[in-house]
Amino acid sequence: MLSHEKYMHRCLQLAKIGQSKVAPNPMVGTVIVLDEKIIGEGYHQEFGGAHAEVNAINSVEDKSLLAYATIYVSLEPCAHFGKTPPCANLIVEHRFKKVVIGSRDPYSEVDGKGIKILRENGIEVISGILENECNELNKRFFTFHQKIRPFVFLKWAETTNGLIDNGGNSGEVTWISCKETQSLVHLWRSENQAVLVGRRTVENDNPSLTVREVTGKNPVRVVIDSQLKLDNSLRIFDDNAPTIILNSLKNSQEGSNEFVKLKDLNPASILHELYVRNIQSVLIEGGTATLQSFIDKGLWDEAKKITGMHSFASGTKAPVINSKIIHTESFFNDEITTYINQ
């Protein structure tokens with residue numbers, strides 16, 4: 001592995017530590033190298049906190065060394081005043097001679113401006129190191145700024161004969177996947193800012209939609225309930241996470257539950273509402289009708305189909321998706337197929 005790639009790989013390792021803690025900011029890692037040795041490193045630890053570059057610079061006790069060092073950053077240093085000052089200016093202040101960047105920041109307030117500040121101040125800039133890996137790490141952040149909507153992650157479990165339920169309406173889940181896969185879904189929830197379901201899923205399964213099985217932040221729960229038919233005793237109305245109820249009747253705030261009236265409850269309108277709320281990613285766990293509506297409109301980015309080793313005599317047919325399969329794996333007693341929308 002070339003030295004630039006080696007140090008950028010370390011940046012990515014550090015950046016991932018901030019996963020589920022920094023959104024809607026991107027995950028960023030930084031290392032500072034002098035004479036082929038890492039003398040400082042840092043990552044963006046939490047939203048509103050110091051950026052990766054700041055933490056890396058602060059980790060170096062002898063700041064006089066920085067003028068002879070190279071700083072590696074997985075994402076272009078910011079160039080604007082947000083919750084913190086511009087990192088590009090900080091790099092200039094410490095007189096770094098070289099900056100190596102993984103990927104360019106798509107956010108309009110940065111998008112090349114950080115690189116411009118560095119170069120205008122005589123700093124050598126090398127960019128595009130492990131660019132694909134850096135883009136993949138922040139695919140939610142990139143999608144939000146490039147497509148002007150949240151990253152949409154679809155997930156469902158189906159039987160070997162292509163059903164997502166047994167047709168019951170008991171308020172309790174009839175599990176298709178194994179316990180290990182159920183815990184994995186909780187991890188996926190922690191990696192996204194919101195989780196969305198339709199009314200029938202809430203009625204049939206009475207889900208909590210939290211991350212009980214893993215360490216992480218509960219996503220915002222989003223429920224489509226056009227006529228407000230759901231009973232407030234259901235789990236999604238508890239105080240374990242904020243809940244947005246998208247409907248056609250009213251706007252109101254009731255404790256941690258917010259009722260949001262939309263003129264249209266179609267996928268585009270829903271994603272726009274989440275976008276203006278600065279929600280950068282949503283995991284859709286709804287039933288077939290909800291999932292299929294996003295599939296048919298092409299408003300999704302990644303999908304994971306979990307096939308459990310069970311079959312039902314009857315029930316609801318699973319969504320139909322005809323897109324590129326990028327990965328299929330056996331996971332304990334289940335099979336997980338990953339699709340991307342191209």
Side-chain angles (χ1 to χ4, degrees), residues 18-25 27 45-49 140-141 144 149-157 171-173 175 177 179 181-226 228-247 249-262 265 267 269-287 290-291 294 300 302 304 306:
Q19 191 164 46
S20 80
K21 302 171 187 174
V22 301
N25 283 353
M27 293 172 275
Q45 298 178 12
E46 61 181 356
F47 177 68
R140 292 163 176 81
F141 178 79
F144 184 82
R149 64 162 174 80
F151 181 92
V152 178
F153 186 128
L154 309 178
K155 163 265 163 184
W156 71 92
E172 295 297 330
V173 182
W175 291 108
S177 57
K179 288 187 176 297
T181 308
Q182 293 163 29
S183 295
L184 179 62
V185 171
H186 285 222
L187 177 64
W188 295 342
R189 288 176 185 167
S190 75
E191 294 172 348
N192 292 279
Q193 284 185 268
V195 56
L196 182 146
V197 296
R199 174 179 59 82
R200 289 180 182 175
T201 295
V202 176
E203 289 176 337
N204 293 346
D205 300 342
N206 191 17
S208 296
L209 302 179
T210 58
V211 297
R212 305 177 303 283
E213 300 293 330
V214 300
T215 300
K217 184 179 180 181
N218 287 329
V220 174
R221 300 178 292 200
V222 182
V223 181
I224 305 169
D225 182 15
S226 63
L228 297 179
K229 293 182 178 180
L230 292 173
D231 190 277
N232 61 13
S233 65
L234 292 161
R235 294 188 184 113
I236 55 104
F237 292 108
D238 63 27
D239 293 325
N240 290 325
T243 300
I244 297 171
I245 302 93
L246 302 176
N247 69 91
L249 302 177
K250 70 174 183 177
N251 289 304
S252 68
Q253 183 76 46
E254 300 175 18
S256 60
N257 304 312
E258 183 179 2
F259 294 83
V260 177
K261 180 180 178 181
L262 294 182
L265 289 169
S269 296
I270 290 169
L271 293 181
H272 176 73
E273 180 65 27
L274 298 183
Y275 175 83
V276 299
R277 290 168 176 268
N278 210 23
I279 293 175
Q280 291 189 354
S281 59
V282 57
L283 170 61
I284 299 182
E285 292 193 52
T290 300
L291 288 160
F294 283 86
W300 64 280
E302 183 174 337
K304 288 190 182 289
I306 301 163

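Across Leu291 and Gly286, no two heavy atoms sit closer than the pair CD1-O, 3.1 Å. The two residues Ser190 and Ser20 make their nearest non-hydrogen contact at O-CB, 3.0 Å. Across every non-hydrogen atom of Ala241 and Pro219, the tightest pair is CB-O, 3.7 Å.
A 4.5 Å side-chain heavy-atom check between Arg212 and Gln182 finds every atom pair outside the cut-off. Residues Asn247 and Leu262 have side chains not in contact (no heavy-atom distance under 4.5 Å, counting atoms from C-beta outward). Between Glu285 and Thr201, every side-chain heavy-atom pair lies at or beyond the 4.5 Å cut-off. Side chains of Glu273 and Val222 form no contact here, defined as non-hydrogen atoms less than 4.5 Å apart. Residues Leu184 and Ile306 fail the side-chain proximity criterion, which asks for heavy atoms closer than 4.5 Å. No side-chain heavy atom of Lys217 sits less than 4.5 Å from a side-chain heavy atom of Val211.
A side chain to side chain contact (heavy atoms under 4.5 Å, CB included) with Leu228 holds for exactly one of Asp225, Leu230, Asn232; it is Asp225.
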Begin from the C-alpha positions of Ile245 and Phe237 and carry the test side chain to side chain contact (heavy atoms under 4.5 Å, CB included) through to its verdict. CA-CA 10 Å; Ile245 302 93; Phe237 292 108; 3.8 Å; yes
Apply the test side chain to side chain contact (heavy atoms under 4.5 Å, CB included) to residues Gln193 and Arg140: give CA-CA distance (whole Å), side-chain angles for both, the deciding distance (0.1 Å), then the verdict. CA-CA 10 Å; Gln193 284 185 268; Arg140 292 163 176 81; over 6 Å; no
Assess the residue pair Ile284 and Trp300 against the criterion (side chain to side chain contact (heavy atoms under 4.5 Å, CB included)); give the C-alpha distance rounded to whole Å, side-chain angles, the decisive distance to 0.1 Å, and a yes or no. CA-CA 9 Å; Ile284 299 182; Trp300 64 280; over 6 Å; no
Side chain to side chain contact (heavy atoms under 4.5 Å, CB included) for Ile270 and Val282? Distances and angles first, verdict last. CA-CA 11 Å; Ile270 290 169; Val282 57; over 6 Å; no
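Looking only at distances, no side-chain donor or acceptor of Asn278 sits under 3.5 Å from a matching main-chain atom of Pro24. A donor-acceptor contact shorter than 3.5 Å links the side chain of Asp231 to the backbone of Ser233. Between the side chain of Asn218 and the main chain of Thr210, no donor-acceptor pair closer than 3.5 Å is present. When atom types are taken as modelled, the side chain of Arg221 and the backbone of Ser208 share a donor-acceptor pair closer than 3.5 angstrom. With hydrogens and angles ignored, the 3.5 Å screen pairs no side-chain donor or acceptor of Gln19 with any backbone N or O of Glu191. A donor-acceptor pair under 3.5 Å is absent between the side-chain atoms of Asn192 and the main chain of Val195, judged by distance alone. With Ser183 contributing its side chain and Glu213 its backbone, the two residues share no donor-acceptor pair below 3.5 Å.
Rounding to the nearest 0.5 Å places NZ of Lys229 at 10.5 Å from CG of Leu249. Summarising the geometry, atom CZ belonging to Phe151 is positioned 10.0 Å from atom CG belonging to Leu283; distances are rounded to the nearest 0.5 Å. In this structure, the separation between OG1 on Thr243 and CG on Asp238 is 7.0 Å, given to the nearest 0.5 Å. With rounding to the nearest 0.5 Å, the separation of NZ in Lys261 from NZ in Lys250 is 12.0 Å. Residue Asn204 holds its CG atom at 9.5 Å from CZ of Arg199, rounded to the nearest 0.5 Å. One distance of note links CD of Glu203 with CG of Leu234; it measures 8.0 Å at 0.5 Å rounding.
Residues forming a side-chain contact (heavy atoms from CB on, under 4.5 Å) with Lys304 (at least two apart in sequence, or on another chain): Phe153, Trp188, Glu302, Ile336, Thr338. Among residues two or more places apart in sequence or in another chain, the side-chain contact (heavy atoms from CB on, under 4.5 Å) test is passed with Ser256 by Asp239.
For NE2 of His272, the number of neighbouring non-hydrogen atoms (other residues, nucleotides, ligands) closer than 6.0 Å is 12 at most.
In summary, the aromatic rings of Phe144 and Tyr275 are positioned with their centroids under 6.0 Å apart.
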